[in-house]
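Both ligands and their constituent atoms are indexed starting at 1 by order of listing. Counting from 1, the numbers follow the sequence of the chain as shown. Fair warning: this is a prediction, and the values are worked out from it, not measured in the lab.
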Amino acid sequence: MWKFYYIVSFFGAVICLNVPSTNVAPTITLKDGISMPAFGLGTWLGFDGKGGVQMVTSDDVEKAVEAAVDLGYRHIDTAYIYFTEEQVGRAVNNKIKSGVVKREDVFITTKLWNDKHARQDVVPSLRESLAKLNLEYVDLYLVHWPISTYSNNTVNEIDYIETWQGMIEAKKLGLARSIGVCNFNIQQLERLINSSDVTPAVLQVEVNLNLQQEKLRQFAREHGIAVMGYTPFGSLFPSKATSQSPPPRVDDPELVKLADRYGKTVPQIVLRYLFELGVVPIPKSVKKERLKENLDIFDFELKPEDKDLLKSYDKNYRTIDLKSLWSTSKFYPFELDA
Ligand SMILES: NC(=O)c1ccc[n+]([C@@H]2O[C@H](COP(=O)([O-])OP(=O)(O)OC[C@H]3O[C@@H](n4cnc5c(N)ncnc54)[C@H](OP(=O)(O)O)[C@@H]3O)[C@@H](O)[C@H]2O)c1
Ligand SMILES: *[C@@H]1O[C@H](CO)[C@@H](O)[C@H](O)[C@H]1NC(C)=O
Ligand SMILES: *[C@@H]1O[C@H](CO)[C@@H](O)[C@H](O)[C@H]1NC(C)=O
């Protein structure tokens, strides 16, 4: 009897402390058998306005990741080039130490940077990332770009086919459970698939209202490749929009009206839409209220006519093209017109 009560109160306490939100994303099974939560947290701080990556000057990301895990996030996206691996690692390890999650409950992704595309550089670079993360393995290792560069950021031309062989070694060594690529176009994916027995498990590309990537998603579906959608908000927030960015903004009257009908916010509608397209969104926020808001999308479903409106914003408009940096590379993946 006593034991029974003890167990009840023990679980009661655990549930109370550790699962404040009922919002836990469903998982999907990748083609290599690994399961991946269908929603994640981005940890890139953005550009610095001078063509570089924003420097990390606070422990915002560490705090955000801790808050996110408490809220029910189980999938964190980082990269060597974000300079946030240490913070992600500290936060995840803190949450493991305090018993909120076990290592196997969280899905951690990091990415190989462009200046480590030589086959023999891949595994050492992953080991460097793992040291920063203070983890023994990552769940997913991604080639960040099909483009290779020197460390001074100018274009080198190491073929990603070679890089992929290094990725396969990383998987064989157990340092990465799954491997995949980012920012590859259909031809590049096809060429990669043709060149190797190991198909990427995941393709991470920009997907948002203005860039819905129908053809690329179709190709990925045909090959059993899961699509992770980065920059899921695109130009939704005025701070991210330029004079070229097509509508909508977050205060768009039609979108606000639509969101109101579901008792949801516009960002939630956008994330839900991507989820229903079969995309795994990885919105970034360092603000607790927004972390909570963004995850709270698993208790409703969009009506077909509402999805028609959301589809109408697809303008093949890219928020991130890095044209000015790398368009001279023969491996530059995006359309070069205009
Ligand atoms: N593979 C690649 O090449 C690649 C490229 C780009 C991005 N990514 C990954 O994808 C992740 C997401 O993309 P992203 O960071 O470019 O853009 P994003 O997630 O679409 O947008 C992030 C911005 O939106 C704000 N925000 C988030 N939730 C909000 C909400 N509910 N209401 C209002 N504002 C909100 C954030 O500000 P606060 O933080 O202040 O809330 C931040 O300024 C990245 O962090 C990174 O992990 C990968
Ligand atoms: C960048 O580095 C490469 C390789 O070391 C070198 O050949 C090239 O001249 C450098 N470019 C610039 C602009 O410094
Ligand atoms: C890949 O292989 C298929 C089937 O052999 C072929 O039709 C296609 O042209 C190849 N694609 C590339 C980009 O090499």
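- Residues Leu140 and Leu142 have side chains in contact (heavy-atom distance under 4.5 Å, counting atoms from C-beta outward).
- With hydrophobic clusters built from ILVMFWY side chains whose heavy atoms lie under 4.5 angstrom apart, Leu173 does not share a cluster with Tyr137.
- Within the listing of ligand 1, atoms 19 (O) sit less than 4.0 angstrom from a heavy atom of Pro283.
- In terms of polar-atom proximity, Lys111 is not counted as a contact of ligand 1, lacking any N or O under 3.5 Å from an N or O of the ligand.
- The shortest side-chain heavy-atom distance between Val181 and Pro146 does not fall under the 4.5 Å cut-off.
- Looking at atom 32 (N) of ligand 1, its nearest protein heavy atom turns out to be Phe237 CZ, 3.5 Å.
- If you number the atoms of ligand 1 from 1 as listed, the ones under 4.0 Å from a heavy atom of Lys287 come out as 38 (P), 40 (O), 41 (O).
- For an aromatic pair to be called close, the ring centres must be under 6.0 Å apart, and Tyr141 with Trp164 fails this.
- For the pair Arg318 and Phe334, the cation-pi criterion (under 6.0 Å, within 45° of the ring axis) is fulfilled.
- The protein atom (non-hydrogen) at minimum distance from atom 3 (O) of ligand 1 is Asn183 ND2, 2.9 Å.
- Among Trp44, Phe47, Phe233, Tyr82, the residue whose heavy atom lies closest to atom 8 (N) of ligand 1 is Tyr82.
- In terms of polar-atom proximity, Gln187 is not counted as a contact of ligand 3, lacking any N or O under 3.5 Å from an N or O of the ligand.
- Residue Cys182 approaches ligand 1 through these ligand atoms, each under 4.0 Å from one of its heavy atoms: 1 (N).
- Remark: ligand 1 atoms within the under-4.0 Å shell around heavy atoms of His144 are 1 (N), 2 (C), 3 (O).
- Among protein residues, Tyr150, Asn152, Thr154 come within 4.0 Å of ligand 2, judged on heavy atoms.
- Tyr82 does not carry Lys284 over the face of its six-membered ring by the limits of under 6.0 Å from the centre and within 45° of the normal.
- In summary, of the residues considered (Glu85, Lys116, Lys111), a side chain to side chain donor-acceptor pair (under 3.5 Å) with Ser129 occurs for Glu85 alone.
- With respect to atom 13 (O) of ligand 1, the closest heavy atom belonging to the protein is Thr231 N, 3.0 Å.
- Interface of Glu293 with ligand 1, defined as ligand atoms under 4.0 Å from a residue heavy atom, comprises 31 (N).
- Polar contact check, Pro267 against ligand 1: no nitrogen or oxygen pair lies under 3.5 Å apart.
- By the 30° and 60° cut-offs, the orientation of the rings of Tyr160 relative to Phe331 is perpendicular.
- For atom 38 (P) of ligand 1, the closest heavy atom belonging to the protein is Arg290 NH1, 3.3 Å.
- Residue pairs meeting the salt bridge (Lys or Arg N to Asp or Glu O under 4.0 Å) criterion with at least one member in residues 166-178, sequence neighbours excluded: Asp32-Lys171, Arg119-Glu169.
- Lys284 N, 2.8 Å is the protein heavy atom nearest to atom 19 (O) of ligand 1.
- For ligand 3, the polar-atom distance check against Arg191 finds no nitrogen or oxygen pair separated by under 3.5 Å.
- Remark: of the listed residues Lys307, Lys311, Gln212, Gln212 is the sole one forming a side chain to side chain donor-acceptor pair (under 3.5 Å) with Tyr273.
- Annotation for ligand 3: atoms under 4.0 Å from non-hydrogen atoms of Asn194 are 1 (C), 2 (O), 3 (C), 8 (C), 10 (C), 11 (N), 12 (C), 14 (O).
- Stacking of Arg272 on the aromatic ring of Phe300 is recorded, both the 6.0 Å distance cut-off and the 45° axial limit being met.
- For Arg191 and Phe184, the positive end is not near the middle of the six-membered ring at less than 6.0 Å and at most 45° from its axis.
- The ligand atoms of ligand 1 that sit less than 4.0 angstrom from a heavy atom of Gly42 are 11 (C), 44 (C), 45 (O), 47 (O).
- At a cut-off of 3.5 Å, with distance as the only test, no side-chain donor of Asn208 or Tyr313 sits close to an acceptor on the other residue.
- Which parts of ligand 1 touch Ile282 is read off a 4.0 Å heavy-atom cut-off, strictly below it: atoms 9 (C), 10 (O), 11 (C), 12 (C).
- Taking every non-hydrogen atom of Ile320 and a distance limit under 4.0 Å, the qualifying atoms of ligand 1 come out as 6 (C).
- Residue Glu206 does not touch ligand 1, judged by heavy-atom distances below 4.0 Å.
- Ring geometry, Phe83 versus Tyr80: the interplanar angle falls from 30° to 60°, so the pair is classed tilted.
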Audit row: Arg261, Lys303, side-chain contact (heavy atoms from CB on, under 4.5 Å) steps and yes/no: CA-CA 11 Å; Arg261 274 192 270 114; Lys303 297 198 179 80; 5.5 Å; no
Criterion ring-ring contact (aromatic ring centres under 6.0 Å, His included) on Phe275 and Phe39, from CA distance to verdict: CA-CA 8 Å; Phe275 173 74; Phe39 187 91; 8.2 Å; no
